[in-house]
There are 2 protein chains.
Amino acid sequence: MATTDPSRPRTVVGEVSLAGCSSTAERVADVLRRRITEGDLVPGARLSEERLVCELHVSRNTLREAFRLLAHEGLLVHRLHRGVFVPELDEDDLVDLYRLRRTLECDVVRSLEDVGAVRLGPLADDVADGETSAARGDWIAVGTANMRFHQHLVGLLGSRRVDEVTGRLLAELRLAFHYAASPQRLHEPYLARNRALLELLTAGETERAAKELAEYLDDSQAELLAAYRLRRA
Amino acid sequence: MATTDPSRPRTVVGEVSLAGCSSTAERVADVLRRRITEGDLVPGARLSEERLVCELHVSRNTLREAFRLLAHEGLLVHRLHRGVFVPELDEDDLVDLYRLRRTLECDVVRSLEDVGAVRLGPLADDVADGETSAARGDWIAVGTANMRFHQHLVGLLGSRRVDEVTGRLLAELRLAFHYAASPQRLHEPYLARNRALLELLTAGETERAAKELAEYLDDSQAELLAAYRLRRA
DNA sequence: CTTGCGGGATTGTTGAACGAATCTCTACGG
DNA sequence: CCGTAGAGATTCGTTCAACAATCCCGCAAG
């Protein structure tokens, strides 16, 4: 950089410097990830390099590296010579995502055996978080808790790769939530169902849990599809 | 670039410029991908930025972009301030990969219905390719044909995301093949089993095909694990 | 043998520059 | 009036050179 530059571009990405040893690109990606999942950047929006360089005080190269990171997660798409965009999911994408999700989650639940209460701890926390957030009326937080519930559910399997795929899948799915007019209508029904699922798991009834989960996901998919169709009219 | 530079760094990445409109980074990634899957770069090897910049005649930034691409595919791992490496898979990774693979592939097969003969065309081609390669004694090509067979098998579902995950999974799995002492011993048994699988699918016997596939993958996993243990002694 | 401390090597990040592709807006012709 | 071709502006793709931050290796001291 020019020796006369008085600013310190290094440590001012958004807010705090997150957990210890992350690169600048990762921190930039964190900022953008939040903006996307929280709806600040809506599907279809283009992310201008120039503008974000100014805004986040990082170099173009670093920003582009962050773009790659997020593209990898499915939260951005890269179009050659055109820039990066927040992806727009159509109904086929939704069906595709839910199909993979059903396969993975149900398989995880089915192959679970004697899950100790300890390992279900995080799940119980997520359920509780969802309920308190709902009481506060913070439906975005309810959505977050729900995502975490499912991530932890899959995590019970202890497979790094399944966790990764699920993470990406849920992040992408979250984009679709922005098409729903009412977050409450979208998330509320699943508070009780998550709790029910948790109880089935606690009781060790994996087969029933898997079936319940399959129906759960079918309903969720139908709900979202309905929201899509409503929006198009 | 400096205006006095007489070389044309743009079009000399390895060999030909591949399919029409790919970025330089993608072409670099193609070159490196081949080197990795063909065993030119063995697991554990570090890829020096400086050396590859000289070798491939691209800038560091572009090379780093290629690294990200391959890291995304699981063919490279990035360690902060340490560089990128060809990942070393241990036995747990193998089990993990096969677990996901079994889940996905079996689920695909099970949910297949009235697969037209047309759609099985690519699969038949892959089986034939494998057999002719085997006759030639080219066991690396047999491995490639086998990977393609499974990729095409999964492709029957028509799910973009399942295809993607499978692609990454198979690429990573291929790294493990380098641990096997004899490629022939590794791949030969599956020539016949692929053909058998294809016939079951042609006959529409999806349930039997799924069961056969599950056993198939179990055997394959056991074989690879045995090779691993052998190597450690 | 372990611990602590350089010094060298490599990665991380920056800023500026230029070629190439896309987009936009105007002007022209049907 | 509409559609299209072209020029200009915008933005991306890639390169380069420099500096900062971090890691690795060898060596000395305890």
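Predicted model only: the values in this text are computed from it and were never measured. Order of the sequence lines fixes the chain letters, A, B, ..., with proteins taken first and strands second; residue numbering starts at 1 for each chain.
Put simply, T62(B) has a side-chain N or O that comes within less than 4.0 Å of OP1 or OP2 on dT15(D). Between T24(A) and dT13(C) there is a side-chain N or O to OP1 or OP2 distance below 4.0 Å. For dT14(D), the OP1/OP2 oxygens have no side-chain nitrogen or oxygen of S59(B) closer than 4.0 Å.
In this structure, R64(B) places its CZ atom 11 Å from C1' of dT10(C), rounding to the nearest Å. Between L63(A) atom CG and dT14(C) atom C1' the separation is 13 Å, expressed in whole Å. Counting to the nearest Å, the P atom of dC12(D) and the CG atom of L47(A) are 10 Å from each other. The CZ-P distance, from R27(A) to dG12(C), rounds to 13 Å in whole Å. As a whole-Å value, the separation of R60(B) CZ from dT10(C) P is 11 Å. Between the P atom of dA20(D) and the CG atom of L80(B) lies a distance of 19 Å, rounded to the nearest Å. One can place CZ of F67(A) at 16 Å from C1' of dT13(C), the figure rounded to the nearest angstrom. Put simply, CD on E49(B) is 11 Å from P on dT13(C), counting in whole angstrom units.
In this structure, R51(B) reaches neither bases nor backbone, as no heavy-atom distance under 4.0 Å exists between it and the strands shown. Within the nucleic acid shown, E65(A) has no heavy atom closer than 4.0 Å to any nucleic acid atom.
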Anything under 3.5 Å between a donor and an acceptor, one on a side chain of residues 78-90 of chain A, the other on a protein residue two or more places apart or in another chain? List them.
residue: D90(A); atom: OD1; partner: D92(A); partner atom: N; Å: 3.1
residue: D90(A); atom: OD1; partner: D93(A); partner atom: N; Å: 2.8

Which side-chain N or O atoms in residues 94-105 of chain A pair as donor and acceptor under 3.5 Å with protein atoms at least two apart or in another chain?
residue: D96(A); atom: OD1; partner: S159(B); partner atom: OG; Å: 2.3
residue: D96(A); atom: OD2; partner: S159(B); partner atom: OG; Å: 3.4
residue: D96(A); atom: OD2; partner: R160(B); partner atom: N; Å: 3.4
residue: D96(A); atom: OD2; partner: R161(B); partner atom: N; Å: 3.3
residue: D96(A); atom: OD2; partner: R161(B); partner atom: NH1; Å: 2.9
residue: Y98(A); atom: OH; partner: S220(A); partner atom: OG; Å: 2.6
residue: R99(A); atom: NH1; partner: T103(A); partner atom: OG1; Å: 3.4
residue: R99(A); atom: NH1; partner: D107(B); partner atom: OD2; Å: 2.9
residue: R99(A); atom: NH2; partner: S111(B); partner atom: OG; Å: 2.8
residue: R101(A); atom: NE; partner: E105(A); partner atom: OE2; Å: 2.8
residue: R101(A); atom: NH2; partner: H150(A); partner atom: ND1; Å: 3.3
residue: R101(A); atom: NH2; partner: H150(A); partner atom: NE2; Å: 3.3
residue: R102(A); atom: NE; partner: D218(A); partner atom: OD1; Å: 3.0
residue: R102(A); atom: NH2; partner: D218(A); partner atom: OD1; Å: 3.3
residue: R102(A); atom: NH2; partner: Q221(A); partner atom: OE1; Å: 2.5
residue: T103(A); atom: OG1; partner: R99(A); partner atom: O; Å: 3.0
residue: T103(A); atom: OG1; partner: D107(B); partner atom: OD2; Å: 3.1
residue: E105(A); atom: OE1; partner: H150(A); partner atom: ND1; Å: 2.7
residue: E105(A); atom: OE2; partner: H150(A); partner atom: ND1; Å: 3.4

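No N or O donor and acceptor, one from the side chain of R82(B) and one from the base of dG12(C), sit under 3.5 Å apart. Checked by distance alone, N61(B) brings no side-chain donor or acceptor within 3.5 Å of a matching partner on the base of dG13(D).
Using cut-offs of 30° and 60° for the angle between ring planes, the Y179(A) and Y228(A) rings count as tilted.
The line from NE2 of H178(B) to CG of D40(B) is 9.5 Å long, rounded to the nearest 0.5 Å.
Between the side chain of R168(A) and the main chain of H72(A), a donor-acceptor pair closer than 3.5 Å is present.
For H81(A) and V53(A), each mapped to the nucleotide of DNA chain C holding its nearest heavy atom, the one lying further toward the 5' end belongs to V53(A).
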